[in-house]
Enquirer: 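Following this message is one structure expressed as structure tokens.
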Amino acid sequence: MKIHIPTPLRTYTGGLETVSVSGATVHGALVQLTTTYPELKANLFNADGKLRSFVNVYLNEDDIRYLPEKEAAPTQDSDELTIIPSIAGGCCCL
Amino acid sequence: MLRLDYDLYQALRAHGEETYPNECCGVLLGKHEPGIGNHVQQIVRAGNTRTDSAHNRYHIAPVELIRIQRQARSQSLDIVGFYHSHPDHPAQWSQTDFAEAHWLGCSYVITSVEHGKAVLTNSFQLLGTSEEDKRFHDESIEINLAATTAQTQEGQA
């Protein structure tokens, strides 16, 4: 399956925008990704091994946080994973 | 340094005037030029999902970001930055902007809009290698006055 890498993380994939991995689940695919590109790990996961709160991972069109199996969701070769950091902000006046 | 054509510069400022007194937001597509900076070739307007506090907060839905990233890929472009407005507030990054900035290497463009009129536009590049050492760096904006690209697109908010 393909994993799409956002601009800031391509530094750690040798500039690749898309990486092909195998993996029976979303978690398995992410483990393989970070095994191949170990520098990605700290940018994707916190010290507890959980996805950082600002890192969104979509399995095709679905946010994995809202899938019943979450990171354990099964995947197929034809699936696409997209990693997309959040974008937000605003002026400090309340 | 951030480089963009005059019409794109004007378009992102106009967006802030249109959404006043609320914040606007959008995505900058282009290419990173090593040793120079981010070169914007297209801007894409995005919807602000923070309807609960749109006058001082913005957030782009991840699913919209994915659509924009696909659009960029189909045109051999990359997401090189983002823009938003600060209604009646300086064109400087806030603590909220910093805390919510995660796209290392990208440019964050902020336009102050005072009483509905765009005033200052500044750009800050997010430097560093991780959340732990990230920092905003003031970057100059080079505007190409001669060129027009007509590449502003309406996002699908």
Side-chain angles (χ1 to χ4, degrees), chain A residues 1-20 26 34 37-67 70 79-94, chain B residues 22-23 25-27 32 38 46 48-50 53-70 72-73 76 78-82 84-106 108 110 112 126 128-132 134:
Chain A
M1 66 183 300
K2 289 180 179 174
I3 302 182
H4 295 292
I5 310 296
T7 322
L9 297 183
R10 292 177 202 164
T11 303
Y12 308 113
T13 60
L16 291 177
E17 189 277 339
T18 303
V19 174
S20 293
V26 170
T34 54
Y37 303 102
E39 289 178 294
L40 276 177
K41 196 167 185 178
N43 284 279
L44 296 179
F45 299 101
N46 61 26
D48 298 329
K50 296 189 172 167
L51 275 175
R52 286 179 179 261
S53 58
F54 60 84
V55 176
N56 303 292
V57 177
Y58 275 66
L59 176 59
N60 301 316
E61 305 298 320
D62 298 315
D63 187 334
I64 63 164
R65 292 188 182 95
Y66 301 110
L67 293 175
K70 303 188 186 303
D79 287 334
E80 295 191 5
L81 271 186
T82 303
I83 297 169
I84 199 98
S86 64
I87 174 69
C91 62
C92 57
C93 50
L94 296 174
Chain B
N22 293 328
E23 296 199 6
C25 50
V27 183
H32 177 75
N38 291 316
N48 182 0
T49 68
R50 286 297 305 269
S53 190
H55 66 290
N56 63 7
R57 292 289 182 270
Y58 79 95
H59 172 263
I60 301 175
V63 71
E64 184 170 21
L65 273 181
I66 290 173
R67 270 202 304 269
I68 294 170
Q69 186 167 264
R70 281 189 192 134
R73 189 161 62 239
S76 299
D78 299 316
I79 292 176
V80 295
F82 305 91
H84 73 283
S85 60
H86 280 182
D88 297 318
H89 199 77
Q92 293 292 322
W93 55 270
S94 67
Q95 286 303 318
T96 303
D97 289 327
F98 182 69
E100 301 281 3
H102 308 295
W103 288 68
L104 298 167
C106 285
Y108 286 73
I110 301 173
S112 62
L126 188 66
T129 60
S130 69
E131 279 298 296
E132 287 67 38
K134 70 179 183 181

Enquirer: Grab the two heavy atoms, one from B/Asp78 and one from A/Arg10, that are nearest each other, plus how far apart they are.
Expert: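 Closest approach of B/Asp78 to A/Arg10, heavy atoms only: OD1-NH1, 2.8 Å.
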Enquirer: What is the minimum heavy-atom distance between A/Ala88 and B/His59, and which atoms define it?
Expert: CB-CD2, 3.9 Å
Enquirer: Could you give me the CA-CA distance, side-chain angles and deciding distance for A/Tyr58 and B/Leu65, then say whether side-chain contact (heavy atoms from CB on, under 4.5 Å) is met?
Expert: CA-CA 11 Å; A/Tyr58 275 66; B/Leu65 273 181; over 6 Å; no
Enquirer: Checking B/Arg50 against chain A: side chain, backbone, both or neither under 4.5 Å from a heavy atom?
Expert: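 Looking at B/Arg50, nothing touches chain A.
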Enquirer: Is chain A contacted by the side chain of B/Gln92, its backbone, both, or neither, given a heavy-atom distance below 4.5 Å?
Expert: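 No part of B/Gln92 comes within 4.5 Å of chain A.
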Enquirer: Heavy atoms only: give me the nearest A/Asn43-B/Ser130 pair and the separation to one decimal.
Expert: OD1-CA, 3.9 Å
Enquirer: Could you look at B/Thr129 and say if it's the side chain, the backbone, both or neither that has a heavy atom under 4.5 Å from chain A?
Expert: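 Contact with chain A is through both the backbone and side chain of B/Thr129.
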Enquirer: If you look at every heavy atom in B/Pro62 and A/Asn56, which pair is closest and at what distance?
Expert: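 So the minimum-distance heavy-atom pair works out to CG-ND2, 3.7 Å.
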Enquirer: Taking side chain as everything from C-beta outward and backbone as N, CA, C, O, which of these in B/Tyr108 sits under 4.5 Å from a heavy atom of chain A? Side chain, backbone, both or neither.
Expert: side chain
Enquirer: Apply side-chain contact (heavy atoms from CB on, under 4.5 Å) to the pair A/Thr7 and B/His32, showing each step before the final yes or no.
Expert: CA-CA 10 Å; A/Thr7 322; B/His32 177 75; over 6 Å; no
Enquirer: Look only at the side chain of B/Glu23 and the backbone of A/Cys91, and say whether a donor-acceptor pair between them is shorter than 3.5 Å.
Expert: yes
Enquirer: What heavy-atom pair brings B/Gln69 and A/Thr82 nearest, and what distance separates the two atoms?
Expert: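 Closest approach of B/Gln69 to A/Thr82: NE2-CG2, 3.7 Å.
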Enquirer: Tell me, out of B/Ile79, B/Ile110, B/Leu126, who's got the most heavy-atom pairs with chain A below 4.5 Å.
Expert: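 Option with the top pair count is B/Ile79.
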Enquirer: Could you pull out the closest heavy-atom pair between B/Ser94 and A/Gly90, with the gap in Å?
Expert: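 It is OG-O, 2.5 Å.
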Enquirer: In this structure, are over 12 heavy atoms from other groups packed under 6.0 Å from B/Lys134 atom NZ?
Expert: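 More than 12 within 6.0 Å, yes.
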Enquirer: Given the options B/Trp93, B/Trp103, B/Phe98, which has more heavy-atom pairs under 4.5 Å with chain A than any of the others?
Expert: B/Trp103
Enquirer: At a 4.5 Å cut-off on heavy atoms, which part of B/Phe82 comes close to chain A: side chain, backbone, both, or neither?
Expert: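 When you check distances to chain A, only side chain atoms of B/Phe82 fall under 4.5 Å.
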Enquirer: Within this structure, what is the NE2-CD1 distance for the pair B/His84 and A/Ile87, rounded to the nearest 0.5 Å?
Expert: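 Taking NE2 in B/His84 and CD1 in A/Ile87, the distance rounds to 8.0 Å.
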Enquirer: With rounding to the nearest 0.5 angstrom, report the CG to OG1 distance, B/Leu104 to A/Thr11.
Expert: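 Between atom CG of B/Leu104 and atom OG1 of A/Thr11 there are 8.0 Å.
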Enquirer: Side chains of B/His102 and A/Pro8, heavy atoms from C-beta outward: is any pair under 4.5 Å?
Expert: no
Enquirer: Look at A/Arg52 together with B/Glu131 and state whether they make a salt bridge at an N to O cut-off of under 4.0 Å.
Expert: no
